Amino acid sequence: MSVNTQVKIKLPDGSERTLDQGKTGADLAKEISEGLFRKAVGLSINGELSDLYTPLTDGMEVKILTADDPQSIELLRHSTAHVMAQAVQKLFPQAKIAIGPTIENGFYYDFEIKDHSLSTEDLANIEAEMKKIAEAKQRLVRYNIQDVDKQLNEFESQGEKFKAELLREHRDHNPTLYLMQDKDGNTIWNDLCRGPHLPSTGLIKAFKLLKVSGSYWRGDEHKEQLQRIYATAFWTKKDLEDYLHKLEEAEKRDHRKLAKQLDLFSTHEEVGPGLIFWHPNLATVRDCIENYWRSEHRRRGYQFVYTPHIASEHLYEISGHLENYKENMYSPMDIDGQAYRAKPMNCPGHIMIYKSKLRSYRDLPIRMAELGTVYRYERSGVLHGMLRVRGFTQDDSHIFCTPEQLEGEISGILDLIDALMTTFGYKYKAYLATKPAQAMGTDEEWEMATGALERAMQKRGMDYEVDEGGGAFYAPKIDVKLFDAIGREWQGPTVQVDLNLPERFDVNYVGEDGNKHHTVMVHRAVLGSMERFCGGLIEHYAGAFPLWLAPTQVAVIPISDRHQEHARKTAKALTDLDMRVHLDERSETINYRIREAQMQQTPYMVVIGDKEVEGDAVAVRHRRQGDLGSMKLVDFVEKMKAEVEKKEYV
RNA sequence: GCCCAUGUAGCACAGUGGUAGUGCACCCCCUUGGUAAGGGGGAGGUCACGAGUUCAAAUCUCGUCAUGGGCUCCA
């Protein structure tokens with residue numbers, strides 16, 4: 001075997017360097033500059049994250065990564081996960097380690113710890129132990145497992161059954177261990193891991209353990225119950241603090257918290273979990289949204305329908321829900337000896353309306369919309385405020401059309417989605433989910449449906465990603481993710497072309513040729529559920545609804561008793577103009593009443609004193625812009641109306 | 001459903017074995033105040049529910065329910 005004694009490396013700036021064979025990324029960094037070497041935390045080799053000490057081979061494109069490269073945070077977090085695992089095993093020698101991947105904004109590690117339940121108190125101790133490991137500047141050394149069976153024996157004798165299981169699976173994939181060594185080169189701890197990692201734990205300076213939770217080995221509830229610690233790490237203390245601060249800010253927006261402060265909704269033990277009571281304030285918001293929703297649909301040719309909340313089981317036998325969706329449906333109730341069910345979905349009902357008469361191709365498309373309330377069983381542990389509930393109202397529509405019309409219909413839906421999401425101030429991103437491995441229908445049908453979805457997006461110039469194989473077994477779909485005011489992701493609109501129900505219900509139309517054809521059916525929800533959407537909106541707006549949605553739009557505040565009469569007249573005038581007004585004539589100071597209106601996020605406050613009585617004016621204060629000075633009542637009304645009309649968020 | 005934590009007045013919290021406390025909100029009185037808390041007084045809780053231990057339980061134990069953080073799934 002001929003040995004090249006030199007290797008050629010390409011650097012990001014396009015230049016090349018020649019190194020001796022066997023040199024590592026660290027050597028390269030050193031050669032470029034001592035400063036770079038000191039800052040180096042890892043490599044990107046041909047675009048892939050790698051250890052700093054990876055031996056370089058001929059032709060590699062190598063980038064030396066420092067903490068400034070965004071990808072390198074992954075190295076930090078993954079390495080910190082190992083530090084955490086080491087610390088946990090030090091404190092709880094009986095702990096067995098499972099997996100510890102990085103996740104968005106942090107990492108976790110799963111453990112099985114017999115006869116100890118981790119609690120938040122343990123976290124401080126683990127953190128302290130981690131700090132010691134970081135300060136000890138342990139080296140993380142990659143080690144190729146030569147003798148898999150020997151290593152398996154070792155894991156098994158240590159009782160590390162999870163690691164053994166993983167190694168057995170990866171025995172043919174060049175499995176590696178990472179050895180964590182002290183400064184004398186003694187291995188203190190090791191973990192089966194693909195890496196890559198930081199060269200040393202000394203680079204770990206800012207981390208925080210966040211919470212403990214339960215999990216299952218491989219996410220399977222029939223397998224071992226594990227204990228998981230969630231944590232995060234950043235390069236600097238400041239970044240960590242900023243992140244923790246962001247979490248706090250998010251907590252302040254929590255819709256459950258704001259619900260109490262702003263009197264929005266409640267749930268009741270007497271009623272049952274996951275069932276929402278909409279208080280007048282939030283009911284007002286919802287009403288405004290629904291009116292807007294209706295008008296946007298009406299102008300796009302939708303027709304509104306209402307369907308029953310319970311139906312004979314027979315309906316769900318035909319639809320296949322009893323077969324495929326049973327675990328989410330409530331038990332049957334007996335009505336005159338017949339089994340009935342609470343409806344989990346609106347589609348079968350809409351199909352009933354469609355099928356109530358013979359449809360011609362001339363009737364199509366039919367766009368049927370309903371704010372349809374459905375009931376679904378959700379396991380008790382997943383319920384969450386308004387975001388995950390057991391009874392909710394979907395803004396559900398079904399479009400019945402011919403294959404030729406499909407693309408145009410999809411395009412119309414995308415237009416509607418864009419209009420609504422833009423109004424609420426959400427940025428969004430679309431994903432096209434294609435045929436999964438387990439699917440019904442023919443390739444041609446999938447091609448027809450998926451193609452229509454994709455072409456509609458392309459023609460609109462939409463940015464989208466393809467989620468290969470992510471479709472439902474009966475439908476390709478477009479899923480839209482929303483990004484709220486603080487950049488958090490929410491599940492948004494969804495569009496599905498159903499290849500299943502038209503067949504099951506024999507949904508058809510008479511074509512130009514006089515023959516019956518299966519109708520193409522599209523399911524779509526834009527807001528999703530009113531519960532989830534409004535819950536999300538509360539957080540998006542941090543409780544400060546834009547004027548067009550605000551439960552109270554104006555607080556009218558007379559300065560003293562002698563201004564009451566004029567204040568009442570003003571309040572009535574505004575109410576007559578369909579404004580939502582709160583007249584606050586309590587004998588409290590102006591400051592006090594302003595403060596309260598501010599804290600209730602009331603968009604406008606109008607103060608009425610001598611000057612205003614005299615000039616038939618109002619002194620206007622905006623919740624964000626402060627005192628806007630005195631203006632004629634008619635001018636104020638115009639200002640409000642314009643703002644409502646534009647649905648602005650000021 | 002599973003793991004962990006929590007449950008005290010409308011809200012936010014203190015109280016760890018000896019018959020329940022603070023702030024805000026609420027009600028009353030004084031104050032009539034020009035843009036984020038004027039002053040005084042009052043009322044309000046079978047300490048989530050049920051059982052047990054104890055002379056004595058908000059406090060310890062067990063069970064139930066609900067809530068929260070996750071696991072899994074989804075609108």
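All values reported here derive from a predicted model rather than from experimental measurement. Letters A, B, ... mirror the listed sequences (proteins, then strands); counts begin at 1.
Pairing for B:G45 is absent, judged as Watson-Crick or G-U wobble with the two contacts each under 3.5 Å. The partner of B:G1, taking Watson-Crick or G-U wobble pairs whose two distances both stay under 3.5 Å, is B:C71. In this entry B:G23 has B:C11 as its Watson-Crick or G-U wobble partner, both defining distances falling under 3.5 Å. Of the nucleotides present, B:A66 is the one that pairs with B:U6 by Watson-Crick or G-U wobble criteria, both distances under 3.5 Å. Within the shown strands, nothing qualifies as a pairing partner of B:A37 under the Watson-Crick or G-U definition with both distances less than 3.5 Å. Nucleotide B:C55 forms a Watson-Crick or G-U wobble pair with B:G18, both donor-acceptor distances falling under 3.5 Å.
Counting heavy atoms from C-beta on, the side chains of A:E588 and A:R595 never come closer than 4.5 Å. Side-chain atoms of A:F265 and A:H255, non-hydrogen and from C-beta on, do get closer than 4.5 Å to each other. A heavy-atom distance below 4.5 Å is found between the side chains of A:L210 and A:T232.
The P atoms of B:C49 and B:U31 are separated by 44 Å, rounded to the nearest whole Å. Comparing the same atom, C1', in B:A25 and in B:A9 gives a spacing of 11 Å after rounding to whole Å. Rounded to the nearest Å, the gap between the P atom of B:A56 and that of B:U8 is 26 Å. Across B:U35 and B:G42, the matching P atoms stand 33 Å from one another, rounded to whole Å. B:U19 and B:C26 have their P atoms separated by 33 Å, with the value rounded to a whole Å. Separating the C1' atom of B:G21 from that of B:U59 is a span of 15 Å, rounded to the nearest Å. A gap of 41 Å separates the C1' atoms of B:C29 and B:A57, to the nearest Å. Here the separation of B:G15 from B:U22, taken at their C1' atoms, is 11 Å to the nearest Å.
Mapping A:R218 and A:P558 onto RNA chain B via the closest heavy atom, the residue that lands nearer the 5' end is A:P558.
Proximity of A:Y230 to the phosphate of B:C71: a side-chain N or O atom is located under 4.0 Å from OP1 or OP2. Note on A:H384: every side-chain N or O is 4.0 Å or more away from OP1 and OP2 of B:G70.
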Evaluate salt bridge (Lys or Arg N to Asp or Glu O under 4.0 Å) for A:E565 paired with A:K569, printing each intermediate quantity in order. CA-CA 6 Å; A:E565 194 197 323; A:K569 248 174 59 191; 5.7 Å; no
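A:E248 and A:K252 are not joined by a salt bridge, as no carboxylate oxygen comes within less than 4.0 angstrom of a charged side-chain nitrogen. Using a 4.0 Å cut-off between a side-chain N of Lys or Arg and a carboxylate O of Asp or Glu, A:E224 and A:K161 qualify as a salt bridge.
Within the nucleic acid shown, A:R256 comes within 4.0 Å of sugar-phosphate atoms alone, with no base atom in reach, counting heavy atoms only. Using a 4.0 Å heavy-atom criterion, one finds that A:G535 contacts no nucleic acid atom at all. Residue A:V374 is classed as having no contact, given no heavy-atom separation below 4.0 Å to the nucleic acid. As judged by a 4.0 angstrom heavy-atom cut-off over every strand, A:E531 is placed among residues making no nucleic acid contact.
Taking atom CE of residue A:M345 and atom C1' of nucleotide B:C74, one finds them 9 Å apart after rounding to whole Å. The NE2-C1' distance, from A:H255 to B:G68, rounds to 12 Å in whole Å. Atom CD of A:E251 is separated from atom C1' of B:G68 by 11 Å (rounded to the nearest Å). A:L383 places its CG atom 17 Å from the P atom of B:U72, with the value rounded to the nearest Å. Put simply, CG on A:L387 is 19 Å from P on B:C73, counting in whole angstrom units. Atom NZ of A:K326 is separated from atom P of B:C73 by 21 Å (rounded to the nearest Å). Atoms CZ (A:R586) and P (B:C27) sit 8 Å apart, rounded to a whole Å. Taking atom CG of residue A:L247 and atom P of nucleotide B:G70, one finds them 11 Å apart after rounding to whole Å.
For the pair A:R228 and A:Y108, the distance from NZ or CZ to the six-membered ring centre is under 6.0 Å and the angle to the ring normal is within 45 degrees. Annotation: cation-pi geometry satisfied between A:K481 and A:Y431 (NZ/CZ under 6.0 angstrom from ring centroid, within 45° of ring axis). Judged by the 6.0 Å and 45° rule, A:K211 forms a cation-pi pair with A:Y230.
For the ring pair (Phe, Tyr, Trp, His ring centres under 6.0 Å) with A:F424, the lone residue among A:F533, A:W293, A:Y541 that qualifies is A:F533. Each of A:E112, A:E165, A:Q89 was scored for a side-chain contact (heavy atoms from CB on, under 4.5 Å) with A:E160, with one residue passing: A:Q89.
Between atom SG of residue A:C347 and atom CE of residue A:M368 there is a gap of 12.0 Å, rounded to the nearest 0.5 Å.
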Going 5' to 3' through nucleotides 34-44 of chain B and flagging B where a protein heavy-atom sits under 4.0 Å of the base, S where only the sugar-phosphate is that close, and - otherwise, we get BBBBB------
Nucleotide by nucleotide, 5' to 3', does protein get under 4.0 Å of the base (B), only the sugar-phosphate (S), or neither (-) in nucleotides 1-13 of chain B, counting heavy atoms? BBBS------SS-
